[in-house]
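In what follows, every heavy atom counts, from backbone to side chain, and hydrogens, waters and symmetry copies are set aside. For this chain, numbers begin at 1 and follow the sequence in order.
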Amino acid sequence: MFPNKLAEVIWLSWSEINQIQTHRKLVFFGRGEWMEKSIPYLVEPAAYVVDNNRYEQGQEEAGLQIYSPERLKEENPDRIFVVITTTSF
């Protein structure tokens, strides 16, 4: 029973994500293929990307600036929504 409940919390439809995005800033965690595949499903553009790879930080991908995950500490947790697009998750 617990794994099903957890999956309901983790996996959201794009419709649900777009609804959340009307009230929160959306940030991708992880630059790469899955981030680029996710962009077309968004009604509004994401705010930015965070990535652990320091060589990616400071770069831009698909029009989105890439920052260190430390950037998330500057955000109000009630006003942000992170979509994990890393393949390392």
Side-chain angles (χ1 to χ4, degrees):
M1 189 177 347
F2 177 74
N4 291 338
K5 287 290 187 187
L6 183 59
E8 289 175 14
V9 173
I10 292 175
W11 303 107
L12 299 175
S13 70
W14 285 111
S15 176
E16 291 169 313
I17 290 171
N18 283 313
Q19 182 69 23
I20 291 167
Q21 192 181 14
T22 63
H23 305 291
R24 293 173 180 238
K25 185 186 307 186
L26 187 137
V27 174
F28 288 119
F29 195 112
R31 187 221 58 86
E33 180 182 357
W34 285 107
M35 181 201 77
E36 292 205 23
K37 286 182 177 183
S38 299
I39 290 172
Y41 293 98
L42 299 176
V43 173
E44 298 290 329
Y48 57 89
V49 181
V50 294
D51 197 286
N52 288 319
N53 185 336
R54 62 184 171 151
Y55 298 107
E56 301 285 352
Q57 297 164 8
Q59 303 296 317
E60 189 175 291
E61 181 76 26
L64 299 171
Q65 188 67 39
I66 303 170
Y67 297 99
S68 163
E70 291 292 313
R71 170 79 186 259
L72 296 173
K73 291 180 181 178
E74 300 171 17
E75 299 287 353
N76 176 341
D78 295 327
R79 306 291 297 155
I80 193 166
F81 185 76
V82 178
V83 175
I84 298 173
T85 53
T86 182
T87 57
S88 302
F89 179 67

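Taking 4.5 Å as the limit, every side-chain heavy atom of Val49 sits out of range of all side-chain heavy atoms of Gln65. At least one side-chain heavy atom of Lys25 sits less than 4.5 Å from a side-chain heavy atom of Tyr48.
Taking CZ from Phe28 and CG from Leu42, the interatomic distance works out to 4.5 Å, rounded to the nearest 0.5 Å. Between Leu26 atom CG and Ile20 atom CD1 the span is 9.0 Å, to the nearest 0.5 Å. In this structure, the separation between CD on Glu70 and CG on Asn52 is 9.5 Å, given to the nearest 0.5 Å. Here the CZ atom belonging to Phe29 is positioned 7.0 Å from the CG atom belonging to Asp51, to the nearest 0.5 angstrom. Separating the NE2 atom in His23 from the CG atom in Asp78 is a distance of 13.5 Å, to the nearest 0.5 Å.
For the pair Thr85 (side chain) and Gly30 (backbone), a donor-acceptor distance under 3.5 Å is present. With Gln21 contributing its side chain and Glu44 its backbone, the two residues share a donor-acceptor pair below 3.5 Å.
Salt-bridge annotation for Arg79 and Glu75: absent, with no side-chain N of the basic residue lying under 4.0 Å from a carboxylate O of the acidic one.
The side-chain hydrogen bond (donor to acceptor under 3.5 Å, both in side chains) test with Arg31 is passed by exactly one of Gln57, Glu56, Gln59, Glu60: Glu56.
For the pair Pro77 and Arg24, the tightest heavy-atom approach, listed with the atom from each and the gap, is O-NH1, 3.3 Å. Residue Val50 comes nearest to Ser68 through the heavy atom pair CG1-O, 3.6 Å, listed as atom of the first residue, atom of the second, then distance. The minimum heavy-atom distance linking Lys37 with Pro40 is given by the pair O-CD, 3.4 Å. Of all non-hydrogen atoms in Asn18 and Val43, the two that sit nearest each other are OD1-N, 2.8 Å. In terms of heavy atoms, Gln19 sits closest to Thr22 at O-OG1, 2.6 Å.
Every residue two or more places apart in sequence or in another chain that forms a ring-ring contact (aromatic ring centres under 6.0 Å, His included) with Trp14 is listed here: Tyr41.
Hydrophobic clustering (side-chain heavy atoms under 4.5 Å, transitive across Ile, Leu, Val, Met, Phe, Trp, Tyr) keeps Val27 apart from Trp34.
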